[in-house]
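Chain identifiers are assigned alphabetically (A, B, ...) following the order of the sequence lines, protein sequences preceding nucleic acid strands; residue numbering begins at 1 within each chain.
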There are 2 protein chains.
Amino acid sequence: MSVLQGKLLIGQKAMFGQSSSILAIDPSTGLKLEPPYPGGSAYEVEEACQLAWKAFDIYREISLETRAIFLETIANKIEMIGPMLIDRAMAESGLPKARLESERARTCGQLRLFANVVRSGEWLDVRIDEQLADRNPMPRADLRQRHIPLGPVAVFGASNFPLAFSVAGGDTASALAAGCPVIVKAHSAHPGTSELVGNAIQKAVIECKLPEGVFSLMYGSGREVGAALVADARIKAVGFTGSRSGGCALMKIAQSRNEPIPVYAEMSSINPVFVLQHALESRGDEIAKSYVASLIMGAGQFCTSPGLLIAHKSVALDSFVQVASKALKENTSQTMLTEGIYDGYQKGVSRLSSNSKVREVARGKVKNSLNQCQSRLFITSAHDFLNDKDLQEEIFGAVSLIIECDDDDDVAHIAEHLEGQLTATLQMDNLDIDIARKLLPIMERKAGRILVNGWPTGVEVCNAMVHGGPFPATSDSRSTSVGTASIFRFLRPVCYQDLPDLLRPDAIRNSNPLKLKRLVNGKRES
Amino acid sequence: MSVLQGKLLIGQKAMFGQSSSILAIDPSTGLKLEPPYPGGSAYEVEEACQLAWKAFDIYREISLETRAIFLETIANKIEMIGPMLIDRAMAESGLPKARLESERARTCGQLRLFANVVRSGEWLDVRIDEQLADRNPMPRADLRQRHIPLGPVAVFGASNFPLAFSVAGGDTASALAAGCPVIVKAHSAHPGTSELVGNAIQKAVIECKLPEGVFSLMYGSGREVGAALVADARIKAVGFTGSRSGGCALMKIAQSRNEPIPVYAEMSSINPVFVLQHALESRGDEIAKSYVASLIMGAGQFCTSPGLLIAHKSVALDSFVQVASKALKENTSQTMLTEGIYDGYQKGVSRLSSNSKVREVARGKVKNSLNQCQSRLFITSAHDFLNDKDLQEEIFGAVSLIIECDDDDDVAHIAEHLEGQLTATLQMDNLDIDIARKLLPIMERKAGRILVNGWPTGVEVCNAMVHGGPFPATSDSRSTSVGTASIFRFLRPVCYQDLPDLLRPDAIRNSNPLKLKRLVNGKRES
């Protein structure tokens, strides 16, 4: 572990921060992990922003191939860290080895996928309307549009994905793919993992001969370093995954700037699952088991954990609850990511336990160890749910609330009442099609992803994915933070009117050197 | 004019508002124009929002062909109003007949263009990643993405385009094209024009058998009716063209909601024109004349009026100023849109006149009539400009400020110092290519549209247009308010996982009934 130095990475420099130190803690033992990570201060924020700003105009105009190779080089360098990365991430997060290995594969796969997105150039969305010199009553100028990156982006590492949503995670990959320099504020739970990955990116920057300001990494408190970053005039967008309060605080800072900027905060979702009656009756047992399996996965520490299950009050539901309870009781507890998350989970669960309108139906086993997430299942009525705001808030961890409805109207009413969600799920059989059709438009208005007969945990990194949704699921429902469409978060269109060809960027030149399929005079090139 | 009733249009109803009345005023005479328009109140906002909400799920799922025909029907109905529309718009705006006729043509052309955008379906951005049941270590689900509309949109009519940016203007056309019901808050300067156009849309709604809530029209003050609309939970986005203070007020309301929503406010731009030295020397006279022509067009009441011209202090610039002055002095004043706009112009011009660092070089003729915009030309130095915030603010009207620079560094410095702009223009010759290359990336960071050897007034409605730009030009640089790409402002992506084909919306069905060129497994269908 001697490779860990506890240094901020500012461009190609590594330096100790000026603020108080962070020490990572192994959540399974409570032991502190060396080295200390002194936090950044206004000085390093200034340095990082200045370098990022200087790098921006250069980085955004390097060839698409160079940018793609850069992303691939980052992936290679991360893999080259070897088992040390997994070991440190395990120690800092309490997550099991297999999970972290697959998260690393996902992280690197994601970078390589974005490399190919960059190469394809579709994201440039080039549109050309050629000159019509003889048009009456007015001639038309030559007008050409391409997308350019917004500018340097501040990325906040997430607690629950120390690799795939942190230093080289989805936000970083999509911002770099778009042509934006990135300054990461590491999550304080895993500074060592962050430093290792940061080193890998730093090496990729130099190997690809890019301006050093393309990437910097800072530690420190969100309220100081994070707030200073978001307030800096050179930062033009923000990527964040975390709590609703944290995300809203960043939105507020971003909106109070002289130049407000977009914040992509992925925050809070309880991911309702509607189990329709025919499905419940015909295969309730199977649904109950897979529900619990999705719920307890990773101690429920996923943004898409199924926190709400809605079904008709019925004999079939009683049986469903029995099977789910049995499955949950067999579940052994897992270590949560941090003591803070564990405390938050305990508080949330106590809030439900002490609510007279809610009944606990099962709890999982618990190991005699630190920060163990004892999974829980509660039940309440539609009426009580609708009348108690407390029951509608996300509790981060393996807890879910079953809602008993009197009829399909109750079910639709619950759906309509919910805040914005990352996901909404239907468990249905063919005979449930009528109520499914009724629920679908409501679910579309509420969620970024709609599933049928699956479970929301497990977010595929692909072209069609939407990991987003209306507030408070995210701060901006027009975007996704997973999948190739996330590149659009960091782009804006620019129109070029009557530029001489030798001044035009490649994407819009007559000779089409990037071989793009452009929209020319309203027709897509083939 | 008896067709004018002064009634709000709430769905298919027409009703008198409950608040104090607005009377349009002919800015050229100061005379009040009948009838009075009682303003809307909380009651009508509630009515309109409820109808819009009820219409939303239906309207967004009608066939693309029906939606396209609806847009075309609106255009037809507007044309069928005949000369009455032009007469009333002339009386309410002081704009000349030819201008309003071409604005009507633009408005109807825009609606028809969007009809074809709707038909093409490219905006649905359909992406399909097919199931990979045998993939290791994990199978992939079937994932399909399409775009859906955000929800009901509040549109604020603009003072300076009583047709093309008001009731059936760009914001309304793009929102309706996206599938969003629209509630328009008419600009108080032209309620009669608004009612006529509103009637046309109302008729189109019924003729196309659409739910009535697809369109409503309200009058009243922005601070009351406008604020109530933006605050209503059923409104999901806002389109606005107007002042910086007005736009920022709406942004604040939108951000303070329980569910923050996007505001597309097009606000303030001074549209810098950089006249490079070789161009200035070789054809300064011609540039000076076209500069003044662009400046005085429509009394400078365009968002893209060239309010700033930057050039080297030189003999050539002296000559340029002489020619421009001569042209300006020959210009006869035009009536401004409203008394308020005239007052604002006078105040802005006085601010420049009384600034000791600024010298007036010319003023146009002025007619002995009400609300006349006497065009003005001022000059200052780069140094003084950079050190005085006052000089950097937009003055709405036919006034422009010439900035004398010592060298190209001064020019670049000015460019870098500017706030966000709708447009930035280069006047250049081949020999200016080096400084042009240096300025281009700065201009890209600052503006939504970059012109070479043209003038920013005149915004083509086409596929490649960007009428947008960084704050304060607009509240959201990721979008355009003119051109077909503006449809994306009102859309968000939704992902459908493992839906049975009979539950899928047409856009993502296996049989591809909309015949879209979808992105399937990362490859574009041909």
(message) B:P441: which residues meet the side-chain contact (heavy atoms from CB on, under 4.5 Å) condition with it, sequence neighbours left out?
(response) A:D57, A:R60, B:E444
(request) Heavy-atom pairs under 4.5 Å with chain B are the metric here; pick the option from A:G151, A:P260, A:A141 that has the most. (result) A:P260
(message) Does any backbone or side-chain atom of B:F488 lie under 4.5 Å from a heavy atom of chain A? Answer side chain, backbone, both or neither.
(response) side chain
(message) Counting only non-hydrogen atoms closer than 4.5 Å, does B:P505 touch chain A with its backbone (N, CA, C, O), its side chain (CB onward), both, or neither?
(response) side chain
(request) Give, for atom CG of A:L426 and atom CG of B:D498, the distance between the pair rounded to the nearest 0.5 Å. (result) 12.0 Å
(message) I need the full list of side-chain hydrogen bond (donor to acceptor under 3.5 Å, both in side chains) pairs touching residues 464-477 of chain A, with sequence neighbours left out, sorted by first then second residue.
(response) A:E266-A:H467, A:D476-A:R478, A:D476-B:R478
(request) Drop me the distance from B:N453's CG to A:Q497's CD, to the nearest 0.5 angstrom. (result) 11.0 Å
(request) Name the region of B:L519, side chain, backbone, both or neither, that has any atom closer than 4.5 Å to a heavy atom of chain A. (result) side chain
(request) Check whether A:L150 gets within reach of chain B through its side chain, its backbone, both or neither, counting any heavy atom under 4.5 Å. (result) side chain
(request) To the nearest 0.5 angstrom, please state how far the SG atom of B:C495 sits from the CG atom of A:L451. (result) 7.5 Å
(request) For A:E259, enumerate each residue passing the side-chain contact (heavy atoms from CB on, under 4.5 Å) test, keeping only those at least two apart in sequence or located in another chain. (result) A:K236, A:R257, B:P470, B:F471
(message) Between A:P500, A:A485, A:P137, who has the most heavy-atom pairs with chain B when the cutoff is under 4.5 Å?
(response) A:A485
(message) Please identify, among B:M443, B:R140, B:E460, the residue contributing the most non-hydrogen atom pairs under 4.5 Å to chain A.
(response) B:E460
(message) Quick check for you: among B:Q255, B:E61, B:M138, B:R489, which has the greatest number of heavy-atom pairs under 4.5 Å with chain A?
(response) B:Q255
(request) Could you grab the distance from atom CZ of A:R445 to atom CZ of B:R492, nearest 0.5 Å is fine? (result) 10.0 Å
(request) Could you tell me which of B:I128, B:N258, B:T480 has the largest number of non-hydrogen atom pairs under 4.5 Å with chain A? (result) B:N258
(request) Quick one: which of B:P262, B:P472, B:G522, B:S526 has the most heavy-atom pairs under 4.5 Å with chain A, could you say? (result) B:P262
(request) State whether the side chain of A:D129 and the backbone N or O of B:A464 hold a donor-acceptor pair below 3.5 Å, judged by distance alone. (result) yes
(request) Measure distances from A:L499 to the heavy atoms of chain B and classify the residue's part below 4.5 Å as side chain, backbone, both or neither. (result) both
(request) Answer with side chain, backbone, both or neither: which region of A:A447 has an atom nearer than 4.5 Å to a non-hydrogen atom of chain B? (result) backbone
(message) Using only non-hydrogen atoms and a strict under-4.5 angstrom cutoff, which residues of residues 432-439 of chain A touch chain B?
(response) A:I433, A:A436, A:R437
(request) Count the heavy-atom pairs under 4.5 Å between each of A:N430, A:N463, A:L143 and chain B, then report the option with the highest count. (result) A:N463
(message) Would you say B:R524 and A:S120 are linked by a side-chain donor-acceptor pair, where the criterion is simply a distance under 3.5 Å?
(response) no
(request) Counting only heavy atoms closer than 4.5 Å, note whether A:E122 contacts chain B via side chain, backbone, both or neither. (result) side chain
(request) Determine the minimum heavy-atom distance between B:P493 and A:S479, stating which atoms define it. (result) CD-N, 4.1 Å
(message) Which one wins on heavy-atom pair count under 4.5 Å against chain B: A:G454, A:G448, A:G420?
(response) A:G448
(message) At a heavy-atom distance under 4.5 Å, which candidate from B:M465, B:K517, B:E419 has the highest pair count against chain A?
(response) B:M465
